[in-house]
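Only one structure is covered here, and it is reproduced in the block below.
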Amino acid sequence: MKSSKGKVPVGGKAKRVTVVPHGARKQKEKDPVEVFCRVRPLKEEEGESCMSIVRDNRLQIEPPESSLAFKSGQKNPTQHTFKRVINGTSSQSTVYDMVGFPLTEQLLQGKHGLLFAYGITNSGKTYTMTGEPDAPGILPRCLDVIFNSIAEVQAPKFVFRPDGSNGFNIFSESDARVEQYRNRGKKVSPRMRAAESEFSEMLRVPDQRKVTEGVDEDSQYAVFVSYVEIYNNYAFDLLEDTPVDSIVPKPPKSKNLREDTNHNMYVSGGTEVEVKSTEEAFDVLQRGQKRRRVAMTTMNTESSRSHSVFTIRLVQAPLNHSGEAVIEDKSLLTISQLSLVDLAGSERTTRTHCTGDRLREANNINANLMVLRTCMETLRDNQVGGGATRIVPYRDSKLTHLFKNYFDGQGRVAMIVCVSPSSTDYDETIHVMRFAEVTQEVMVSRPQEVKKQVGLAPGRHRGELSLLSP
Ligand code: ADP
Ligand code: MG
């Protein structure tokens, strides 16, 4: 594994990669990857902070005397520019507004989105993405806003069903009712849910926001979620419906990645669960997290070493001329997705004092992040031009392979870089800054709306037209 120790100047004379101001290199229909920086509050036991926010988009970091950088003579503070820097007192709701809401809005308008949380272990990635019962993060808020927005136009359960190749089949409402009847035993009772769920309805304050623009009253919608863990070169389906053997648990089986007919990558044979509310989605998430804990234990590793990918897919189909049911024509489906990725800790192994197995595995796990970094660098270099265009090595890791299409213009990409303000984390934090700076120079094509036009009269949902139709 490449080590940047000694090669790259750490800290130093504020000499760094030139950050292109937002919009400056804007070509038609291309936007830079949006990179936000969230600084978590300093903890009591952590001593001193090494950072200050000098503007709402600029962070200043000072090398502490104890840092490797300081010891090698780099004593000046550095400044780092982002789309926004979010301070430790900003609420989860503010962060959702800034980062999550635009992605939710796009999803409802039929466009894809991808959000990464990047940073060292204990920097606030999971807090930002999932959050805590009394401080829900981006994921539950996205779900709340989606369900608030489609409340009136949600399709009955099982009208849309995954077809096994990343698409959906459409069934009539009577078929759907049969399926609902078949599945009636599988529902978790609200009491069981409240007992099991950390995010039970009693504790959680749902997000009240709603997207109105782009939600089509003449369509019906359904929400599907999937949850995949990427660890080394494996992709595990955390929602797989095979019972976990609690006495002799076996490591989960890895899945392959495939490309569908629309050139979207997906986890082949992965489970997608239709959910009708945020609470249902949380049951699913929790089921996945339980599996994740078992899997990590059987593989003798820690969860901070793997990447978890929670994907929300929104399926919509237009209503027929009478406004009574969706048109059963697959070619009229609009499928959009939002992937929320809680990445593995970005720290290098030298710091975590691993031995034996842990060390070997830690080296591997960083490989996914290394490839992500190389892909970003290659993309940026290719876009800057001047030299020969190099192939972006997406296929070198499961993580980048799964998301390669986003970087080729399939959707909006955003990243939240989570940082700990603690002086003791300085040397790692500087590496994080460097990656962030490369990332925000990468330009991604603006996602196209994929919604199909059916050429039927609007207002069909009211059913008034049925009086006129034969
Ligand atoms: P990571 O997922 O990056 O390892 P976590 O999200 O688990 O880190 O955060 C580490 C700890 O810091 C947790 O105890 C979490 O509650 C706390 N924390 C992180 N970010 C914030 C924040 N913005 N405000 C308050 N507490 C935070
Ligand atoms: Mg975490």
Side-chain angles (χ1 to χ4, degrees), residues 35-47 49-53 56 59 82 84-100 115-141 198-199 203-205 227-231 236 238 285-286 288-293 295-297 301-310 339-349 351-352 354 358 361-362 365-366 368-369 372 399 415-426 428-429 431-433 435-436:
V35 182
F36 300 82
C37 176
R38 186 180 201 186
V39 185
R40 75 151 161 77
L42 187 74
K43 301 184 178 192
E44 248 172 54
E45 68 276 13
E46 283 179 330
S49 162
C50 64
M51 32 186 91
S52 54
I53 299 174
D56 68 359
L59 183 68
F82 297 90
R84 283 295 282 275
V85 179
I86 303 162
N87 68 30
T89 58
S90 291
S91 68
Q92 294 281 63
S93 166
T94 308
V95 175
Y96 175 73
D97 259 347
M98 218 181 274
V99 190
L115 177 64
F116 289 111
Y118 186 93
I120 61 172
T121 298
N122 203 21
S123 62
K125 298 182 296 296
T126 305
Y127 183 87
T128 297
M129 292 305 238
T130 315
E132 291 168 0
D134 55 351
I138 291 176
L139 193 159
R141 288 177 197 273
E198 286 170 33
F199 280 79
L203 283 168
R204 211 175 65 85
V205 182
Y227 194 15
V228 170
E229 188 78 2
I230 295 176
Y231 173 70
F236 303 121
L238 293 178
L285 178 76
Q286 235 125 38
Q289 284 175 343
K290 225 184 245 173
R291 268 192 179 267
R292 183 182 187 212
R293 282 191 291 272
M296 292 296 121
T297 315
T301 183
E302 284 161 33
S303 58
S304 66
R305 310 231 161 265
S306 65
H307 316 268
S308 53
V309 182
F310 189 85
S339 289
L340 304 171
V341 188
D342 189 344
L343 290 169
S346 68
E347 63 274 5
R348 293 152 305 158
T349 47
R351 192 167 165 268
T352 43
C354 306
R358 284 274 160 83
E361 153 245 301
I365 192 66
N366 280 344
N368 267 298
L369 290 180
L372 178 64
L399 180 73
M415 183 177 283
I416 302 186
V417 167
C418 296
V419 293
S420 143
S422 170
S423 292
T424 51
D425 289 325
Y426 174 85
E428 289 299 342
T429 302
H431 282 274
V432 173
M433 292 297 123
F435 172 70

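Side chains are part of it too, since the values below use all heavy atoms of this structure and drop only hydrogens, waters and symmetry mates. Both counts, for ligands and for their atoms, begin at 1 and track the order of listing.
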Quick one, list the residues around ligand 1 where some non-hydrogen atom comes in under 4.0 Å, by chain and residue number.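 Protein residues near ligand 1 are Arg38, Arg40, Pro41, Lys43, Ile120, Thr121, Asn122, Ser123, Gly124, Lys125, Thr126, Tyr127, Glu132.
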Could you tell me whether the Mg ion (ligand 2) has an N, O or S atom of Thr126 under 2.8 Å away?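 Yes - counting backbone and side chain alike, Thr126 has an N, O or S atom under 2.8 Å.
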So, taking the atom named CZ in Arg38 and the one named OH in Tyr127, what distance separates them when rounded to the nearest 0.5 Å?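 Answer rounded to 0.5 Å: 6.0 Å.
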Please say which of Thr121, Asn122, Thr429 ends up in a side chain to side chain donor-acceptor pair (under 3.5 Å) with Glu347.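 So, applying the side chain to side chain donor-acceptor pair (under 3.5 Å) to Glu347 and each of Thr121, Asn122, Thr429, only Thr121 qualifies.
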Yes or no on side chain to side chain contact (heavy atoms under 4.5 Å, CB included) for Leu115 and Met129, after CA distance, side-chain angles and deciding distance? CA-CA 9 Å; Leu115 177 64; Met129 292 305 238; 3.9 Å; yes
Beyond-backbone contact of Met98 with Ser90, side-chain heavy atoms, under 4.5 angstrom: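 SC-SC contact between Met98 and Ser90 ruled out.
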Phe36 vs Phe82, ring pair (Phe, Tyr, Trp, His ring centres under 6.0 Å): CA-CA, chis, key distance, verdict: CA-CA 6 Å; Phe36 300 82; Phe82 297 90; 9.3 Å; no
Using only atom types and a distance under 3.5 Å, with no angle test, would you say the side chain of Gln92 pairs donor to acceptor with the backbone of Asp134?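 Pair absent, no side-chain N/O of Gln92 close to backbone of Asp134.
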